[in-house]
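All figures in this text were calculated on a predicted structure; none of them were measured in a lab. Per chain, numbering begins at 1; letters A, B, ... match sequence-line order.
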Amino acid sequence: MASINQTLLAFPSRQTPIPNNNHHHHHHHLFSALSSATTLPQLKQIHAQILRTGLDRSTSLLLKLIISSFSLSTSLDYALSVFNQISEPETRLCNQALREFSRSVEPEKTLLVYEKMRRDGVGVDRFSFPSLLKASARISALKEGMEIHGLASKMGFDLDPFVQTALIGVYAACGRIFESRQLFDKMLQRDVVTWSVMIDGYYQSELYEDALLTFEEMRSSGVEPDRMVLATIVSACSRTGNLNTGKAIHDYIIEKNVAMDPHLESTLISMYSNCGSMDLAQHLFDKLRPKNLVASTSMITGYSKLGKIEAARRIFYQMDEKDLVSWSAMIAGYAESDWPQEALKLFKEMQVSGLKPDQVTMLSVISACSQLGALDQAKWVHIFIKNHGFADVVSVNNALIDMYAKCGSLEEARRVFDKMPRRNVISWTSMITGFAMHGDADNALWFFDQMKAEKIEPNAVTFVGVLYACSHAGLVDDGRRIFSSMMNDYKIAPKQEHYGCMVDLFGRANLLREAVELIESMPFPPNVIVWGALLSACRVHSEVELGEFAAKRLLELDPDHDGAHVLLSNIYAKARRWGDVGEVRKFMKDQGIAKERGYSRIELNGVIHEFLMFDRTHKQVDEIYEKLDEVVSKLKLVGYAPNTGSVLVDLEEEEKKEVVLWHSEKLALCYGLLNLGKGSCIRIVKNLRVCEDCHTFIKLASKVFEREIVVRDRSRFHHYKDGICSCKDYW
DNA sequence: TTAGGGTTAG
């Protein structure tokens with residue numbers, strides 16, 4: 001009906017003869033020229049014509065010119081200058097300009113329009129205020145917003161519902177949610193928009209519970225929610241992980257037959273993804289047509305968080321258009337799912353596609369490098385960061401510190417730290433944790449004191465780092481002192497991680513009794529971290545019974561924990577209880593629990609070489625095994641004898657010796673000895689803990705071959721030099 | 001209809 005009416009209404013005017021009037025003719029011509037202009041120079045040409053033909057007093061033409069320049073220019077300077085050339089514009093035109101600017105990408109220019117109005121003595125009316133307030137809200141300008149509020153009161157417009165709604169928005173956007181609520185409560189009538197602004201205010205202030213409560217109030221008051229306010233509420237459920245309420249809202253939408261739009265559909269998909277309900281997310285996503293960037297990106301993130309990286313990848317490659325955020329989501333997905341090489345590969349592909357990364361992307365890329373532990377790659381990423389202007393960002397620098405520490409270079413980590421113009425608690429914590437991983441407790445404690453001296457308040461994570469450093473270096477008294485300081489001076493309640501560090505600390509010092517007492521004193525049930533720490537201590541000190549106990553508790557919590565079985569069998573092997581070793585082995589086999597396959601990585605000129613146990617796939621395989629024979633015979637001369645205690649497979653003793661010799665870190669070491677020059681450090685990353693035999697082997701190799709060797713294992717770094725390891729043989 | 005609402009995703 002509407003379109004027919006419009007046609008009927010439009011018809012007579014088309015029949016109206018074009019007035020034989022130059023002004024009218026020019027006006028018409030210029031107006032349509034403005035509609036079809038596609039570039040800023042074209043616009044400027046038309047502007048010149050407007051001035052030439054003396055039509056610059058035509059409000060509609062000038063407004064059209066302003067609006068056209070909004071869509072054609074990235075900057076609104078031109079639009080503003082057109083407006084400024086109009087002398088004493090009417091309030092009505094000003095209000096339209098205010099509205100346009102307040103909704104534009106440069107809302108701050110709205111206030112410049114207002115200034116011009118004041119200069120020219122043009123009055124404001126009640127229609128001016130919502131735009132002025134919206135602009136203030138969008139730029140979080142509390143001072144200006146309050147001034148405009150004052151003026152509105154003086155002019156008696158503060159009871160106008162449109163002005164009141166806009167005021168609620170201003171105060172909410174400026175962090176004054178309490179003032180918003182006061183204004184809201186004073187209103188005599190509230191429609192769905194008013195409620196919506198209030199609820200959105202809570203949402204923007206991250207007060208999701210208040211948003212939900214206010215939504216309930218709205219429903220009780222009899223105002224029907226529409227798709228806009230429903231989208232806000234669904235987002236609030238998404239942020240809080242409140243799947244039940246999210247589902248209830250979705251049911252309501254279906255029940256009431258609320259018309260969905262792409263925005264609401266995407267919000268629901270994100271909510272389900274964020275809550276880990278990928279079946280429901282996928283169901284909605286399948287029905288969504290056309291797919292959009294937001295929904296697809298949510299799907300990628302949702303699947304990635306569940307480790308379903310194949311599903312995430314499928315969505316990613318099905319997207320016909322990808323932007324920075326979708327690439328970043330996929331890169332982060334790989335980085336968080338233990339696929340660091342894929343993350344870096346994708347990052348390079350992204351650059352080929354011509355998209356420029358931002359800092360969020362870079363944080364994922366840095367995290368991938370940290371996991372990979374490859375120093376050349378890390379340096380490449382660091383240079384990229386410097387060249388692309390990310391080097392001043394605090395969070396990026398913090399991530400770089402962590403990256404260098406995990407790639408084995410505390411020197412580079414320190415260099416980044418020293419160069420930072422500003423540092424926060426995370427910067428300090430990253431350095432401390434870095435020192436801890438490398439067993440450098442002196443520096444960790446020095447940095448800890450230094451940060452306190454600089455009045456940076458340590459947090460729970462900082463204490464994990466400090467305690468970790470004490471435990472790795474065997475500083476029992478310092479650890480005890482810091483643990484109580486954390487509780488008493490900083491009022492931080494210890495978590496599982498802190499107890500784990502303390503158990504490790506006591507365990508290392510053979511204070512197992514104290515370790516057990518601490519566990520018994522815990523205010524919550526210990527988790528696998530704590531039992532695992534006790535179990536490791538029992539392995540080192542050959543405590544069979546306590547070890548069995550710890551392993552049992554751990555396996556009650558996580559029956560498939562391969563590490564616990566392996567440690568228990570190590571304990572039995574050390575006690576020469578071969579029958580029990582056999583039992584563990586049989587149990588694992590029967591239950592289908594496999595020890596994670598060990599691998600080691602070594603980087604050569606930026607290329608990463610990965611070795612598995614018994615690996616014969618490398619193209620230099622013959623040379624590597626030849627080198628291994630040579631190394632073994634040289635080490636035997638200084639007393640090396642293969643130690644097969646860590647071998648879990650059922651084999652004859654002679655075969656076990658072969659197995660131990662083919663451990664992946666030994667293959668990587670030989671590869672390094674073959675290919676890296678005499679002076680350079682050999683850096684190896686291993687996914688599991690280094691076994692006892694490899695540890696001895698590498699210590700001896702560092703002496704015999706006069707090499708510095710750095711090995712990162714599952715839990716820490718080992719720096720081998722002159723036959724000694726930085727871990728002092730406790731790991 | 002000269003004025004008020006959704007920035008959902010990394």
Options dG10(B), dG6(B), dG4(B), nucleotide nearest the side-chain atoms of Val325(A): dG10(B)
Among dG6(B), dG10(B), dT8(B), the nucleotide that comes nearest once only the side chain of Thr297(A) is considered: dG10(B)
Check: Asn242(A) main-chain N/O paired with Thr245(A) side-chain donor or acceptor under 3.5 Å: no
Whole-Å gap separating C1' (dG4(B)) and CD (Glu100(A)): 16 Å
Sugar-phosphate, base or nothing in reach of Val192(A), heavy atoms under 4.0 Å: base
Residue of the set Asn397(A), Asn398(A), Asp402(A) for which side-chain hydrogen bond (donor to acceptor under 3.5 Å, both in side chains) holds with Ser427(A): Asn398(A)
Between dG5(B) and dT1(B) - P atom distance, rounded Å: 16 Å
Near-ring test Tyr404(A)/His382(A), centroid separation under 6.0 angstrom: yes
Selected nucleotide, minimal atom distance to Thr301(A) side chain, candidates dG10(B), dT8(B), dG4(B): dG10(B)
Sugar-phosphate, base or nothing in reach of Ser270(A), heavy atoms under 4.0 Å: sugar-phosphate
Per Val360(A) side chain, nearest of listed nucleotides dG5(B), dA3(B), dG10(B): dG10(B)
Under 4.0 angstrom between Gln204(A) side-chain N/O and dT7(B) OP1 or OP2: yes
Candidates dA9(B), dT2(B), dG5(B) - which lies nearest the side chain of Asp226(A): dG5(B)
Side-chain N,O (Arg99(A)) to OP1/OP2 (dT2(B)) below 4.0 Å: no
Closest to side chain of Ser235(A), choosing from dT8(B), dA3(B), dG6(B): dT8(B)
Of His283(A), Lys247(A), His250(A), the residue whose pairing with Tyr272(A) passes side-chain hydrogen bond (donor to acceptor under 3.5 Å, both in side chains): His250(A)
Phosphate OP1/OP2 of dA3(B) contacted by Arg103(A) side-chain N/O (<4.0 Å): no
Sugar-phosphate, base or nothing in reach of Leu268(A), heavy atoms under 4.0 Å: nothing
Pair of N/O donor and acceptor under 3.5 Å linking dG4(B) base with Thr194(A) side chain: yes
Distance flag, aromatic centroids of Tyr203(A) and Tyr208(A), threshold under 6.0 Å: yes
Side chain of Arg126(A) (C-beta onward), nearest among dG4(B), dA3(B), dG10(B): dA3(B)
Touch class at under 4.0 angstrom, heavy-atom based, for Val229(A) against every strand present: base
Nearest to side-chain heavy atoms of Phe127(A), which nucleotide of dT7(B), dA3(B), dG5(B): dA3(B)
Sugar-phosphate only, base, or nothing, as touched by Asn292(A) at under 4.0 Å among non-hydrogen atoms: nothing
Nearest-neighbour nucleotide for the Met228(A) side chain, dG6(B), dG4(B), dA9(B) considered: dG6(B)
Value in whole Å for how far the P atom of dT8(B) lies from CD of Glu206(A): 12 Å
Given dG4(B), dT8(B), dG10(B), the nucleotide with the shortest approach to the side chain of Ala329(A): dG10(B)
Under 4.0 angstrom between Lys322(A) side-chain N/O and dG10(B) OP1 or OP2: no
Positive for ring pair (Phe, Tyr, Trp, His ring centres under 6.0 Å) with Phe316(A), one of Tyr334(A), Trp327(A), Tyr303(A): Trp327(A)
